[in-house]
Protein chains: 2
Amino acid sequence: MASIPSATVGRLVTYLRVLATLADRGIVRTSSDDLAREARVSAFQVRKDLAYFGRFGTRGAGYDVDALSTELHRILGLERAWNVAIIGMGRLGSALADYPNMARYNFCLQAAFDVAPEKVGTVVAGVPVYAMRELPERVREHDVQVALLTVPGEGAQAATEALAAAGVRGIVNFASTVLDPPEGVHVEAIDFLAGLKRVSYALHAETSDDERAAS
Amino acid sequence: MASIPSATVGRLVTYLRVLATLADRGIVRTSSDDLAREARVSAFQVRKDLAYFGRFGTRGAGYDVDALSTELHRILGLERAWNVAIIGMGRLGSALADYPNMARYNFCLQAAFDVAPEKVGTVVAGVPVYAMRELPERVREHDVQVALLTVPGEGAQAATEALAAAGVRGIVNFASTVLDPPEGVHVEAIDFLAGLKRVSYALHAETSDDERAAS
DNA sequence: ATATGTGAATTGATTCACAGCG
DNA sequence: CGCTGTGAATCAATTCACATAT
């Protein structure tokens with residue numbers, strides 16, 4: 001298979017979300033136009049993105065909401081369950097632990113880890129908190145495939161290597177650090193401070209333009 | 001000015017972060033090669049990204065860490081302070097409220113909003129929590145320019161419109177919804193569930209490849 | 001000597017137009 | 001007739017090579 005643009009994968013996730021809201025509204029059939037409007041992309045884009053993976057519509061009639069949703073689940077690997085661990089049970093880690101929508105998408109939170117002795121041994125949102133040094137055994141015990149990394153920046157790379165050594169191949173990194181991903185490990189960065197800075201740029205650039213236009 | 005690729009803006013944010021770690025290590029001078037290695041991009045890319053905005057290095061010698069850092073702050077609009085509000089004081093909103101690094105980058109958290117009557121009137125991490133219906137006055141009172149939107153998906157679009165009407169032009173959206181941004185409003189999406197799904201795709205695609213290779 | 005800054009070349013992604021199917 | 005699926009064309013971003021400055 002030709003390699004898929006990662007932007008396409010990101011948009012598939014969006015289409016899936018849109019399909020869910022359509023299904024909630026009782027809508028059974030849709031079109032690339034509909035999906036495009038809701039996802040804020042072009043209808044060409046929707047069709048091209050789907051075309052990388054197959055043919056899911058009926059010409060003249062559009063797409064079946066349920067069927068397309070099922071296909072997208074399959075493509076994104078969401079039909080199977082993924083076992084998830086949280087590394088770092090600070091504010092953010094705890095907030096993620098009782099985020100309800102994770103289970104809805106087959107992400108099963110199995111374990112949490114922290115260095116603070118007072119947290120170790122507690123149970124947060126039904127999930128046991130282990131010491132970081134137990135990570136290798138516990139990751140294997142719970143068959144963890146994906147980690148949510150919420151440790152402070154300084155510890156992120158070390159944690160990544162420990163996770164990789166324990167066999168974890170997917171990491172969602174919440175730290176403001178560029179990780180050097182070990183061979184075979186996929187890292188997705190979620191950096192809200194970076195998002196804030198991009199907003200700052202957008203507002204700032206706009207203001208400078210206005211000033212220039214006014215002069 | 002020619003329009004800047006948004007990917008470039010994202011990378012500038014990364015370079016800034018790398019420069020901060022270099023400065024912490026007492027490093028005074030750097031090069032496009034160094035920055036590239038730390039940011040995991042090519043040196044060409046670093047130079048091209050910077051070239052959109054000017055000439056910041058000395059040929060033969062590289063870049064001054066402090067000077068480049070100052071320039072990037074200026075470019076990204078981080079020299080001035082931005083007043084920030086959090087909309088939705090659930091788990092995530094509260095976690096964001098006492099995230100310490102925001103102030104370091106001149107993002108000043110001024111106010112928080114929630115619909116729950118028992119939260120209204122409390123002070124979280126030094127920040128007053130107001131009722132959603134007070135949003136117009138309070139946003140103006142605190143001169144809020146940027147909002148962190150952490151309300152559930154259903155309420156996100158309505159909150160966006162209320163914010164826009166109150167004069168907020170920058171929104172970081174944590175909800176799993178595609179927002180229709182009102183005219184002149186910039187939205188940055190931070191969606192960790194989407195990140196998790198992209199990881200799922202990466203691991204799943206890899207596994208399918210392996211199976212195909214083995215057959 | 002060395003590392004930046006930049007036009008030219010290349011690669012990749014998006015847009016388009018329409019052929020093909022229901 | 002309508003809407004999908006897709007090769008071709010356009011547009012944008014990345015990579016490269018090297019002239020240029022210190």
Side-chain angles (χ1 to χ4, degrees), chain A residues 1-16 18-19 22 27-72 75 178 198 201-202 205, chain B residues 1-15 18-19 22 27-72 75 178 198 201 205:
Chain A
M1 191 196 295
S3 97
I4 310 296
S6 68
T8 289
V9 176
R11 284 190 299 263
L12 293 184
V13 172
T14 304
Y15 304 152
L16 188 55
V18 169
L19 287 168
L22 292 178
I27 294 166
V28 165
R29 203 138 252 294
T30 187
S31 65
S32 57
D33 254 316
D34 281 355
L35 291 171
R37 190 169 337 98
E38 298 286 326
R40 320 228 102 228
V41 299
S42 71
F44 310 124
Q45 188 80 79
V46 172
R47 297 204 295 272
K48 179 65 86 182
D49 285 339
L50 296 176
Y52 281 111
F53 298 94
R55 308 156 67 149
F56 309 116
T58 23
R59 300 183 189 220
Y63 303 89
D64 181 90
V65 170
D66 254 22
L68 184 55
S69 183
T70 304
E71 289 294 344
L72 289 182
I75 291 165
V178 183
R198 290 191 299 266
Y201 170 78
Chain B
M1 192 195 296
S3 97
I4 309 296
S6 68
T8 289
V9 176
R11 283 189 299 263
L12 293 183
V13 172
T14 305
Y15 305 152
V18 169
L19 287 167
L22 292 178
I27 294 166
V28 165
R29 204 136 250 296
T30 186
S31 64
S32 57
D33 255 316
D34 281 354
L35 291 171
R37 191 170 333 100
E38 298 286 326
R40 321 229 100 227
V41 299
S42 71
F44 309 124
Q45 188 80 80
V46 173
R47 297 205 295 273
K48 181 65 88 182
D49 284 339
L50 295 177
Y52 282 111
F53 298 94
R55 308 155 66 146
F56 308 116
T58 24
R59 301 186 188 216
Y63 303 90
D64 181 90
V65 170
D66 254 21
L68 184 55
S69 183
T70 303
E71 289 294 344
L72 289 182
I75 291 165
V178 182
R198 289 192 299 266
Y201 170 78

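Naming convention: chains lettered A, B, ... in sequence-line order (proteins, then strands); numbering from 1 in each chain.
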**OP:** Begin from the C-alpha positions of B:Ile4 and B:Phe53 and carry the test side chain to side chain contact (heavy atoms under 4.5 Å, CB included) through to its verdict.
**Re:** CA-CA 9 Å; B:Ile4 309 296; B:Phe53 298 94; 3.8 Å; yes
Subject >> Atom-to-atom span, CD of B:Glu71 to C1' of C:dT4 - whole angstrom >> reply: 15 Å
**OP:** Using only side-chain N and O atoms of B:Tyr63, determine if any of them is under 4.0 Å from OP1 or OP2 of C:dT2.
**Re:** no
Subject >> d(CD1, A:Ile4; P, C:dT14) in whole Å >> reply: 12 Å
Subject >> salt bridge (charged side-chain N to carboxylate O under 4.0 Å, His left out) partners of residues 4-14 of chain A, not counting sequence neighbours, each pair once >> reply: A:Arg11-A:Asp49
Original post:
Taking for each residue the nucleotide of DNA chain D bearing the nearest heavy atom, is the 5' side occupied by A:Leu50 or by B:Ala7?
Top reply: A:Leu50
Subject >> Rounded distance (nearest 0.5 Å) linking atom OH of B:Tyr201 with atom OG1 of A:Thr8 >> reply: 9.0 Å
Original post:
How would nucleotides 15-22 of chain C be written as a contact map, 5' to 3', with B for base contact, S for sugar-phosphate-only contact and - for no contact, using protein heavy atoms under 4.0 Å?
Top reply: BBB-BBBS
Subject >> Strand contacts (DNA chain D) in residues 28-39 of chain A, 4.0 angstrom heavy-atom criterion >> reply: A:Ser31, A:Ser32
Original post:
Tell me: OH of A:Tyr52 to C1' of D:dG7, nearest whole Å?
Top reply: 13 Å
**OP:** Could you give me the CA-CA distance, side-chain angles and deciding distance for A:Leu50 and A:Leu12, then say whether side chain to side chain contact (heavy atoms under 4.5 Å, CB included) is met?
**Re:** CA-CA 8 Å; A:Leu50 296 176; A:Leu12 293 184; 4.1 Å; yes
Original post:
Taking atom P of C:dT6 as reference, at what distance in whole Å does atom CZ of B:Phe53 sit?
Top reply: 14 Å
Donor-acceptor pairs under 3.5 angstrom involving side-chain atoms of residues 59-70 of chain B: please list them, not counting sequence neighbours.
residue : atom : partner : partner atom : Å
B:Asp64 : OD2  : B:Asp66 : N            : 3.2
B:Asp64 : OD2  : B:Ala67 : N            : 2.8
B:Thr70 : OG1  : B:Asp66 : O            : 2.9

**OP:** Run the numbers on A:Val9 and A:Tyr52 for side chain to side chain contact (heavy atoms under 4.5 Å, CB included), then give the verdict.
**Re:** CA-CA 10 Å; A:Val9 176; A:Tyr52 281 111; over 6 Å; no
Subject >> Residues forming a side chain to side chain contact (heavy atoms under 4.5 Å, CB included) with B:Ser42, sequence neighbours excluded >> reply: B:Phe44, B:Gln45
Original post:
When the distance from CZ of A:Phe56 to P of D:dG5 is rounded to whole Å, what number comes out?
Top reply: 8 Å
Name every donor-acceptor pair, under 3.5 Å, that has one atom in a side chain of residues 30-40 of chain B and the other anywhere in the protein, sequence neighbours excluded.
residue : atom : partner  : partner atom : Å
B:Thr30 : OG1  : B:Asp34  : OD2          : 3.2
B:Ser31 : OG   : B:Asp33  : N            : 3.4
B:Ser31 : OG   : B:Asp34  : N            : 3.1
B:Ser32 : OG   : B:Arg47  : NH1          : 3.1
B:Arg40 : NH1  : A:Asp180 : OD1          : 3.3
B:Arg40 : NH2  : A:Asp180 : OD1          : 2.8

